[in-house]
Asks: 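Here it is, the structure in full.
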Amino acid sequence: MSGMQFTDLKSQYAALKASIDARIQRVLDHGQYIMGPEVAELEQKLAAFVGVKHCVTVASGTEALLIALMALDLKPGDEVVTTAFTFAATAEVIVLLGGKPVFVDIEPDTCNIDVSQIEAAITARTRAIMPVSLYGQVADMAEINAIAARHGLAVIEDAAQSFGASYQGRKSCGLSTIGCTSFFPSKPLGCYGDGGALFTDDDAIAQASREIRVHGQSARYHHTRVGLGGRMDTLQCAIVLGKLERFEWELQRRREIGARYQQLLADVPSVQRLAVRPDRDCVWGQYTVFVERRKELQAVLQAAGIPTAVHYPKPLHRQPAYAAYAPADACPRSVVAAERVMSLPMSADLDEADQDHVVAALARALQASLA
Ligand SMILES: Cc1ncc(COP(=O)(O)O)c(C=O)c1O
């Protein structure tokens, strides 16, 4: 058990080796490393999976968010309402384009954006709302879309952690103007490097995104707009195609393992579990709980061979790069969550014995640290 992985990519590769190796070999044989046939094949499959018209693969999840904002023509000074409790990339892309992230606090039990605070954050400069479907559970998109419609705003779902999750019978990434995901290796659907995709039903946004990812070209060496080098490699697309073969099974396993953690931890005092709303599921991009004295707990668990992680130790308005966008005492629930969240090992291949070991070690560590 001492070799327990936080995200077990080795077992996943062992299960899919024949298919992934064959797909990689095919790319090596045809040699079209940039925009080869696997790119379009993956885009078709993912668009069908999500249930939208267009999927545009890009170099990373960050690039998907950046290209989404560029496709919406975000201008310097434009504001984007987003959550304070997320990975830096969410706000980074807004600032890179000269925009202003306007941070809204979270619901304390799901860590997703608190929709009841969004409208107060909207001004005449607001262009978009960018919720994050944190930990694999979709944010309250119906309400967010309703607010956006009232104010004429676009909605970009940062679905880096929630690919495959369902919300009111529809899939994450297909719930708003644009959905963006990441294929970072540890994500629910990962490649073996960097990759990402954006999803939309809007033909103009899809066309703009396709142009932006190839330096703004609408035809070879005809640069209609300013773009960037944002393509996803053919090899990485081939790997995701291989991973898709058991993705439905993996999603089901993630839901089951998450539900089993929730059940086992119900009996562990001083662990607070994340709430999952009844109209959606959670694919547990991270399996995260709330604890006190996290640092001590992590050290005890580490000594027992159990890796943990913190997503995230500081809300963005407490990070030096983003402190200018909100006072330090803003978003108090995000501040509290950042002090308490701790993620436990999670992957589709986590077996029950390892999971029992994690839960028992956590219970013992809590007893020791609270004694
Ligand atoms: C919420 C969130 N947004 C954006 C990203 C950026 O994705 P990538 O690492 O593929 O650029 C990540 C992943 O790290 C993420 O967790």
Side-chain angles (χ1 to χ4, degrees), residues 6-7 9 42 46 55-70 80-97 99 101 103-104 106 110-113 128-139 141 144 155-165 172-173 175-176 178-199 209 212-213 228-233 236-237 239-240 243 254 274 282-288 309-317 319 321-322 334 337-338 341 343 346:
F6 185 71
T7 310
L9 294 174
L42 180 63
L46 293 181
C55 166
V56 182
T57 56
V58 294
S60 68
T62 307
E63 214 85 355
L65 294 169
L66 180 65
I67 292 173
L69 289 176
M70 290 172 76
V80 179
V81 175
T82 189
T83 160
F85 194 54
T86 177
F87 182 59
T90 316
E92 186 173 65
V93 293
I94 302 167
V95 175
L96 275 173
L97 295 175
F103 294 123
V104 165
I106 52 170
T110 64
C111 291
N112 276 335
I113 193 166
I129 307 173
M130 202 194 282
V132 178
S133 297
L134 203 71
Y135 304 142
Q137 176 176 204
V138 172
M141 296 303 284
I144 293 167
V155 178
I156 301 172
E157 182 197 7
D158 180 343
Q161 301 178 13
S162 63
F163 195 73
S172 179
C173 280
L175 301 162
S176 57
I178 308 176
C180 295
T181 199
S182 162
F183 303 126
F184 187 85
S186 60
K187 300 297 190 212
L189 182 62
C191 59
Y192 290 156
D194 278 308
L198 57 87
F199 297 83
S209 303
I212 292 166
R213 78 171 166 185
L228 39 80
R231 298 161 298 229
M232 183 164 163
D233 297 347
Q236 298 300 347
C237 290
I239 288 157
V240 176
K243 298 250 193 132
R254 282 180 172 278
L274 209 71
C282 186
V283 296
W284 304 107
Q286 279 85 31
Y287 182 80
T288 304
V310 176
H311 306 97
Y312 297 93
K314 274 185 198 172
L316 292 186
H317 67 299
Q319 293 283 359
Y322 304 100
S334 301
V341 287
S343 305
M346 166 54 87

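Counting convention: from 1, in listed order, for ligands and their atoms alike. All residue numbers in this chain count up from 1 along the given sequence.
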Asks: Just to confirm my output: which protein heavy-atom neighbour is closest to atom 1 (C) of ligand 1, and how far is it?
Replies: D158 OD2, 3.5 Å

Asks: Under 4.5 Å between any side-chain heavy atoms of I106 and I113, yes or no?
Replies: no

Asks: Check the orientation of F87 and Y312. Use parallel for under 30°, tilted for 30 to 60°, and perpendicular for over 60°.
Replies: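 Tilted.
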
Asks: Measuring from atom OG of S176 to atom CE of M141, what distance do you get when rounded to the nearest 0.5 angstrom?
Replies: 3.5 Å

Asks: For S182, check side chain to side chain contact (heavy atoms under 4.5 Å, CB included) against everything at least two apart and list the hits.
Replies: A160, F184, K187

Asks: Which ligand 1 atoms does G61 reach within 4.0 Å, using its non-hydrogen atoms?
Replies: 7 (O), 8 (P), 10 (O), 11 (O)

Asks: Would L175 and E157 satisfy side-chain contact (heavy atoms from CB on, under 4.5 Å), going step by step from the backbone distance to the final call?
Replies: CA-CA 8 Å; L175 301 162; E157 182 197 7; 4.2 Å; yes

Asks: Below 4.0 Å from any atom of ligand 1, is there a heavy atom belonging to F85?
Replies: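 Contact absent.
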
Asks: What residue and heavy atom of the protein are closest to atom 16 (O) of ligand 1, and at what distance?
Replies: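 Minimum-distance protein heavy atom for atom 16 (O) of ligand 1 reads Q161 NE2, 2.9 Å.
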
Asks: With atoms numbered from 1 as shown, which atoms in ligand 1 lie under 4.0 angstrom from a non-hydrogen atom of T86?
Replies: 1 (C)

Asks: Do any N/O atoms on F183 end up under 3.5 angstrom from N/O atoms on ligand 1?
Replies: no

Asks: Tell me the contacting part of Y312 for ligand 1: side chain, backbone, both, or neither, using a 4.0 Å heavy-atom threshold, strictly below.
Replies: side chain

Asks: What atoms of ligand 1 come closer than 4.0 angstrom to any heavy atom of V132?
Replies: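 Answer, ordered by atom number: 1 (C).
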
Asks: Nearest to atom 9 (O) of ligand 1, what protein heavy atom do you find, and at what distance?
Replies: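 Here the nearest protein heavy atom works out to F184 CD1, 3.9 Å.
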
Asks: Among all protein heavy atoms, pick out the one at the shortest distance from atom 15 (C) of ligand 1; state its residue, atom name and that distance to 0.1 Å.
Replies: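 Closest protein heavy atom to atom 15 (C) of ligand 1: A160 CB, 3.4 Å.
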
Asks: Under 6.0 Å between ring centres, would you say that holds for F163 and F199?
Replies: yes

Asks: Counting C-beta onward and ignoring hydrogens, is there a side-chain heavy-atom pair between R213 and T57 closer than 4.5 Å?
Replies: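 SC-SC contact between R213 and T57 confirmed.
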
Asks: With respect to S182, determine whether any N or O atom, backbone or side chain, lies less than 3.5 Å from an N or O atom of ligand 1.
Replies: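 Yes, at least one N or O pair falls under 3.5 Å.
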
Asks: Are any of the N or O atoms of D194 closer than 3.5 Å to those of ligand 1?
Replies: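 N/O-N/O distance under 3.5 Å: no.
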
Asks: Do L228 and E63 touch side chain to side chain, with heavy atoms closer than 4.5 Å?
Replies: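 When only atoms from C-beta onward are counted, E63 and L228 do touch, with a gap below 4.5 Å.
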
Asks: Before signing off on this row, confirm whether K187 and ligand 1 have an N or O atom pair separated by under 3.5 Å.
Replies: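 Yes; the residue has a nitrogen or oxygen that sits under 3.5 Å from a nitrogen or oxygen of the ligand.
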
Asks: Would you kindly specify which portion of T62 sits under 4.0 Å from ligand 1, judged on non-hydrogen atoms: side chain, backbone, both or neither?
Replies: both

Asks: Name the orientation class of the two ring planes belonging to F103 and H317 (parallel below 30°, tilted from 30 to 60°, perpendicular beyond 60°).
Replies: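 Rings of F103 and H317: tilted, as their planes differ by 30° to 60°.
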
